[in-house]
There are 2 protein chains.
Amino acid sequence: MTTPRANSRERILAAAAEVARETGPGSLSLDAVAQRAGVSKGGLLYNFPSKAKLMQALVASYVEEFDRDLNEAVEAGETLLSAYLRLTAKACERDEPATWLFSAMAEDPDFLEPVTAHRRRLLDRLKADTSDVAGLLVVFFAMEGLLSMKLFDGTILGQDERELLMERLPRIAAGRRA
Amino acid sequence: MTTPRANSRERILAAAAEVARETGPGSLSLDAVAQRAGVSKGGLLYNFPSKAKLMQALVASYVEEFDRDLNEAVEAGETLLSAYLRLTAKACERDEPATWLFSAMAEDPDFLEPVTAHRRRLLDRLKADTSDVAGLLVVFFAMEGLLSMKLFDGTILGQDERELLMERLPRIAAGRRA
DNA sequence: TTGACAATACCGTCCAGACGGTACAGTTAC
DNA sequence: GTAACTGTACCGTCTGGACGGTATTGTCAA
């Protein structure tokens, strides 16, 4: 009952994210991931020879996807800030928070290094693109705060409040005072 | 020595936070905590009858401390917003990030509920104190973003950048009520 | 005053289960 | 034939936590 062609890696990665979300970040066992992906444990370890490699791939795929989307938007003519705002807001509205991030952190905090490096590069790109650094920082960290709340599951903000926030942010980054 | 040790609970809680910080959020074992606290595992389990109770106490003590400090500042005449800004900034500058939070989350995401509830209450209090809700939201989430970066270990921001940010924030939330 | 009992605050040991990882023989698609 | 698996069996380690024991202090009736 096998169709062994290889989107296996993607299926496994997606399964890992699902398991992390459903059973909690601390319960990401290889057995659970293999079962969820419809793969044997042997098969999982064939694709990712250790749990550490799985985690690294999980983190890397997230960073790559974000950068890809961002660069596509910029090449299509959108401003960097606008694209960042839009993509991050989209991430905030997704049903599945990226709790796999916590799984990676629980396994070994060093696995987050690619994410923090990515964030640092992103901020640098945004800084190079504005004349109002302070305003940019405010906007950037507000978005990061919103995103982290989503990660921590907090549905702290109502719809109307979020709209209020998202409406104000671009005006701050534009250098205008309310 | 023979006399029952005073403040065992506090020592254990502090030890748990230390272990979480030093060995990573996923490696918070009772053995490690007991050893660090200078208590046997049996003694630990006497004070906190399960790991879950330990985590809950860890979370609760954080929330209580924050609220206590905040209320003291307000009673001493500081405005709520100013106190919130100051206390959160202080937390960001502390050497020891609160990685125990991730330990709690790894154990069971539900343990974070008191924290998110606390955050929600805090935001509500701040909202009731301002006429410019949108501005407040920006400031609040920017601070939360800064804090979460600290938690994720990201030393993303340099000293000068943080000063730039912290200088701008109060001006955005300038709309005060009566 | 004292002896009996109980509560408090631990210590040290043990154990069942979960987990990551290995090994390897068999199976299927190309 | 080979890459990409499956399936099973197994190992060593770690972990939460149950349990029984112990020392000190407190209470209180006779």
Side-chain angles (χ1 to χ4, degrees), chain A residues 1-20 22-59 99-100 102-111, chain B residues 1-20 22-59 99-100 102-111:
Chain A
M1 221 189 294
T2 37
T3 319
R5 265 298 314 172
N7 49 354
S8 281
R9 280 181 63 97
E10 286 169 30
R11 284 217 328 282
I12 290 169
L13 253 19
E18 276 175 49
V19 171
E22 286 168 22
T23 70
S27 316
L28 193 79
S29 72
L30 295 185
D31 282 303
V33 173
Q35 197 173 342
R36 169 58 61 114
V39 170
S40 71
K41 193 176 172 183
L44 196 169
L45 286 162
Y46 179 81
N47 285 280
F48 301 96
S50 73
K51 194 178 184 183
K53 298 275 183 186
L54 213 203
M55 294 304 191
Q56 281 161 11
L58 212 47
V59 171
T99 43
W100 53 264
F102 297 112
S103 300
M105 188 166 198
E107 199 66 26
D108 184 345
D110 292 344
F111 287 156
Chain B
M1 189 85 86
T2 47
T3 47
R5 294 177 202 169
N7 58 25
S8 281
R9 282 180 62 97
E10 285 169 31
R11 284 217 331 284
I12 291 169
L13 253 18
E18 276 175 49
V19 171
E22 286 168 23
T23 69
S27 315
L28 191 79
S29 72
L30 296 186
D31 280 304
V33 173
Q35 198 173 344
R36 169 59 62 113
V39 169
S40 76
K41 198 174 169 184
L44 197 170
L45 255 7
Y46 175 81
N47 285 280
F48 301 95
S50 74
K51 195 179 185 183
K53 297 276 183 187
L54 212 203
M55 294 305 189
Q56 281 162 9
L58 213 46
V59 171
T99 43
W100 53 264
F102 296 112
S103 300
M105 189 167 198
E107 200 64 27
D108 183 345
D110 292 343
F111 288 157

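Chain letters run A, B, ... following the sequence lines, proteins first and then strands; every chain starts at 1.
- The side chain of Ser8(A) places an N or O atom within less than 4.0 Å of a non-bridging phosphate oxygen (OP1 or OP2) of dC5(D).
- Atom CZ in Arg9(A) sits 10.5 Å away from atom CG in Leu44(A) (nearest 0.5 Å).
- Atom CD1 in Ile12(B) sits about 9 Å away from atom P in dC11(C), given to the nearest Å.
- Qualifying side chain to side chain contact (heavy atoms under 4.5 Å, CB included) partners for Ala106(A), counting only residues two or more places apart in sequence or in other chains: Ala106(B).
- Distance, Arg11(A) CZ to dT6(D) C1': 13 Å, rounded to whole Å.
- Across all strands shown, Gly38(A) has heavy atoms under 4.0 Å from sugar-phosphate atoms exclusively, and none from any base.
- The nearest whole Å value for the distance from the CD atom in Gln35(A) to the P atom in dG20(C) is 13 Å.
- With sequence neighbours excluded, no residue forms a side chain to side chain contact (heavy atoms under 4.5 Å, CB included) with Ala14(B).
- Note: CG (Leu44(A)) to P (dT6(D)) measures 9 Å, nearest angstrom.
- Qualifying side chain to side chain donor-acceptor pair (under 3.5 Å) partners for Glu107(A), counting only residues two or more places apart in sequence or in other chains: Lys51(A).
- A straight line from CE of Met55(A) to P of dC19(C) spans 13 Å, rounded to a whole angstrom.
- Partners of Thr23(A) by side chain to side chain contact (heavy atoms under 4.5 Å, CB included), not counting sequence neighbours, listed by chain and number: Val19(A), Ser27(A).
- Counting to the nearest Å, the P atom of dA3(D) and the CZ atom of Arg9(A) are 17 Å from each other.
- At least one side-chain nitrogen or oxygen of Tyr46(B) sits closer than 4.0 Å to the OP1 or OP2 atom of dA9(C).
- Here dG21(C) presents its P atom at 15 Å from CG of Asn47(A), a figure rounded to the nearest Å.
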Could you pull out the protein-nucleic contacts involving nucleotides 16-18 of chain D (nitrogen or oxygen on both sides, under 3.5 Å)?
unit_1, atom_1, unit_2, atom_2, d
dG16(D), OP1, Lys51(B), NZ, 2.6
dG16(D), OP2, Leu30(B), N, 2.9
dG16(D), N7, Lys41(B), NZ, 2.5
dG17(D), OP2, Lys51(B), N, 2.9
dG17(D), N7, Lys41(B), NZ, 2.9
dG17(D), O6, Lys41(B), NZ, 2.9

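- Note on residues 28-46 of chain A: pairs passing side chain to side chain donor-acceptor pair (under 3.5 Å), not counting sequence neighbours, are Glu18(A)-Arg36(A), Glu22(A)-Arg36(A).
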